[in-house]
Amino acid sequence: MKYDVVIIGSGPGGYVAAIRAAQLGLKVAIVERWKLGGVCLNVGCIPTKALLHASHIYHEAKNGEKYGIKGSLELDIAKTNKWKEGVVDKLVKGVEFLLKNQKVEIFYGEGFVERPNEVKVKTNKGVETLETKNIIIATGSRIRELKGFEADGKLIWNSDHAVSFPEIPESLLVVGAGAVGLEFAQFYKMVGSKRVVVIDIADQIVPGMDGEMARYYQRVLKKGGLEFYLRATLKDVSEDGTAVFVSEGKEYRERFDKILVAIGRIPNSEGFKHLGINMDEKGFIKTDDRMETNVKGIYAIGDVSGPPLLAHKASKEGIVAVENIAGLYSRASWRGIPSVIYTYPEFASVGFGEEQAKELGYNVKVGRFPLSASGRALTMGGVDGLAKVVVDADTDEILGVHIIAPEASSLIAEATLALEVMASAEDIDLTIHPHPTISEILMEAAGNVHKRAIHIIN
């Protein structure tokens, strides 16, 4: 069979690329060794957000006396899991429907490339050969294990175990204070774990984020019951769950029912080294701005092509790759890639943090607005939160926006657009935002840059 493009991997990069390629009139095949939607849809983005939503409802209802909501509650783990899996199943079927509707041919099996212009698919029935003009590698990433503390699904979990929600441990140690670690830490705390401790080797949680916002975020999460130990390393774990870790030179020895290791992911790129494709020292495939590798006709998108490992980045890269294959001029501005941690409140960020902007030589000016001054936040129970706008003081151009608030995942889209169009803080300040909404905190933070926010003392 001959194709214009064969895509290996059907995650949010692969399936989006396939659909866009078909829209452009290309003959497309997609190869998937597991399930359509990949990690994101099946065990990552979607099921974790479903669980977090359920845990927030449960937590709010349990603590709803201040709203006049009374009565005992019980969490049925089996029903929660069934609902979560129903959401996943519906979306997987949706992806399959979209691909088939666009006449994309789906091959289930292990895809491998012995030479350019040919993809072989190994299935239970044998090997099928697909001839193609172009190949897109969208094989994603896998869980990074902590040497000496590999997950066994019993005492030591990874994110795949945690998302299956098999039980509610009385005590949980989370190794890794990034997005995955923090989301699961809060989830299990909200559904009933009595003690949740988070440790990380870095000197702040969510390493790489704006320092001031990370410290504020830690205080918010600590207020919700999480415990943190930074500059920390796990030294030993006994069969009974006793963990030994060192934080800032002090040794701690405590017993936990479960230990969740969430220290990142590594690329699924080993199967392509023989092609002579350039990779960095961590195994991420290098590409140009068209998403093409150094081997003509072979492209790479998503996690396998390097950080940030985000679904929406993968999707955009997939679109850029196939549009270039179709002969269009397609590029993307990567300065505006938003990231979100879906705890409650959410933490969303785009662009530079204050420290990063200063390191790059900008004359920085900052505007802030606390959620405590938001009328809408008070109607939602007085949630803690903060909006921060980082601006080039010489031009007023927005360099970065960071939001801790309910709905921050939606609010960051406005900030991302602002970065894309090189908007100024004044542009956002002058834009009428609906009242009462959480979105007003971004307008007020932009106004605070020039000391003219209305609902705080500037």
Side-chain angles (χ1 to χ4, degrees), residues 1-19 21-22 26-44 88-89 91-93 95-96 98-100 104-145 150-151 153 158-160 265-279 282-285 287 291 293 295 297-306 309 311 314-315 317-318 321-322 325:
M1 294 183 226
K2 294 186 178 181
Y3 299 91
D4 294 310
V5 58
V6 172
I7 301 162
I8 306 173
S10 71
Y15 86 75
V16 168
I19 291 170
L26 302 179
K27 185 171 175 56
V28 189
I30 194 164
V31 179
E32 175 54 58
R33 68 177 178 181
W34 184 42
K35 298 177 182 178
L36 289 176
V39 167
C40 176
L41 203 160
N42 290 280
V43 293
V88 170
D89 185 58
L91 289 172
V92 170
K93 288 177 179 175
V95 170
E96 183 178 30
L98 290 170
L99 291 171
K100 289 182 175 178
V104 175
E105 292 190 50
I106 305 169
F107 293 86
Y108 289 98
E110 187 82 28
F112 57 98
V113 183
E114 292 181 345
R115 58 188 179 86
N117 305 121
E118 185 180 275
V119 175
K120 291 189 176 181
V121 186
K122 187 177 181 180
T123 68
N124 294 331
K125 298 177 182 178
V127 176
E128 192 155 5
T129 300
L130 313 179
E131 292 183 38
T132 180
K133 297 175 184 176
N134 300 279
I135 296 169
I136 297 178
I137 301 169
T139 48
S141 62
R142 62 186 182 276
I143 293 165
R144 181 184 169 203
E145 297 278 7
E150 288 80 8
N158 58 31
S159 58
D160 287 357
R265 302 183 68 84
I266 56 178
N268 294 320
S269 60
E270 299 90 336
F272 306 100
K273 287 183 178 179
H274 64 281
L275 297 170
I277 292 175
N278 289 338
M279 300 181 187
K282 293 183 179 179
F284 291 108
I285 295 175
T287 69
M291 304 313 302
T293 69
V295 179
I298 298 182
Y299 298 72
I301 63 172
D303 286 6
V304 78
S305 70
L309 310 187
S315 296
E317 288 176 339
V322 296
I325 287 170

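- For the pair V104 and I19, the minimum side-chain heavy-atom distance is 4.5 Å or more.
- The line from CZ of R115 to CD1 of I135 is 9.5 Å long, rounded to the nearest 0.5 Å.
- Closest approach of L130 to A29, counting heavy atoms only: CD1-CB, 4.3 Å.
- Heavy atoms only, all atoms of each residue included: H274 and E114 are closest at NE2-CA, 3.9 Å.
- Listed by chain and number, the residues in a salt bridge (Lys or Arg N to Asp or Glu O under 4.0 Å) with R33 are E110 (sequence neighbours excluded).
- The closest side-chain heavy-atom distance from N158 to E145 is below 4.5 Å.
- Across all their heavy atoms, A321 and I301 have their closest contact at CB-CG2, 4.0 Å.
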Between K2 and K27, is a side-chain contact (heavy atoms from CB on, under 4.5 Å) present by the stated rule, with each step listed?
CA-CA 8 Å; K2 294 186 178 181; K27 185 171 175 56; over 6 Å; no

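- The OG1 atom of T123 sits 10.0 Å away from the CZ atom of F107 when rounded to the nearest 0.5 Å.
- Scanning all heavy atoms of the two residues, the minimum distance from P267 to R142 falls at O-NH1, 3.2 Å.
- Ion pairing of D4 with K133 is present here, as a side-chain N (NZ or NE/NH1/NH2) and a carboxylate O approach within less than 4.0 Å.
- Side-chain contact between T139 and F272 is present, with heavy atoms from C-beta onward closer than 4.5 Å.
- Not a single salt bridge (Lys or Arg N to Asp or Glu O under 4.0 Å) links E128 to another residue, sequence neighbours left out.
- Considering I298, T287, V113 in turn, I298 is the only one that fulfils the side-chain contact (heavy atoms from CB on, under 4.5 Å) rule with I137.
- To the nearest 0.5 Å, atoms CG (N134) and CD1 (I7) are separated by 10.0 Å.
- Residues N268 and V304 approach most closely at O-CG2, 3.6 Å, considering heavy atoms.
- In this structure, the side chains of L41 and V88 come closer than 4.5 Å at one or more pairs of heavy atoms.
- Annotation: side chain of V295 is in contact with side chain of P116 (closest heavy-atom distance under 4.5 Å).
- The closest donor-acceptor contact from the side chain of E32 to the backbone of G38 lies at 3.5 Å or more, if one exists at all.
- S269 places no side-chain N or O within donor-acceptor distance of the main-chain N or O of F284, the cut-off being under 3.5 Å.
- Residues V5 and Y299 have side chains not in contact (no heavy-atom distance under 4.5 Å, counting atoms from C-beta outward).
- In this structure, D160 CG and N42 CG are separated by 10.5 Å, a value rounded to the nearest 0.5 Å.
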Is there a side-chain contact (heavy atoms from CB on, under 4.5 Å) between I325 and I136? Walk through the geometry before answering.
CA-CA 10 Å; I325 287 170; I136 297 178; 4.0 Å; yes

Determine whether V39 and S141 satisfy the following criterion, side-chain contact (heavy atoms from CB on, under 4.5 Å), listing intermediate values before the conclusion.
CA-CA 8 Å; V39 167; S141 62; over 6 Å; no

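- Side-chain contact check for N117 versus E131: every heavy-atom pair is 4.5 Å or farther apart.
- To the nearest 0.5 Å, atom CG of residue L99 and atom CD1 of residue I106 are 4.5 Å apart.
- Atom CZ of R144 has 12 or fewer neighbouring heavy atoms from other residues, nucleotides or ligands inside a 6.0 Å radius.
- The distance from atom OH of Y3 to atom CD of E118, rounded to the nearest 0.5 Å, is 13.0 Å.
- Shortest non-hydrogen contact noted between I30 and A18 is CD1-CB, 4.1 Å.
- Under the 4.5 Å side-chain criterion, counting only non-hydrogen atoms from C-beta, Y108 is in contact with L36.
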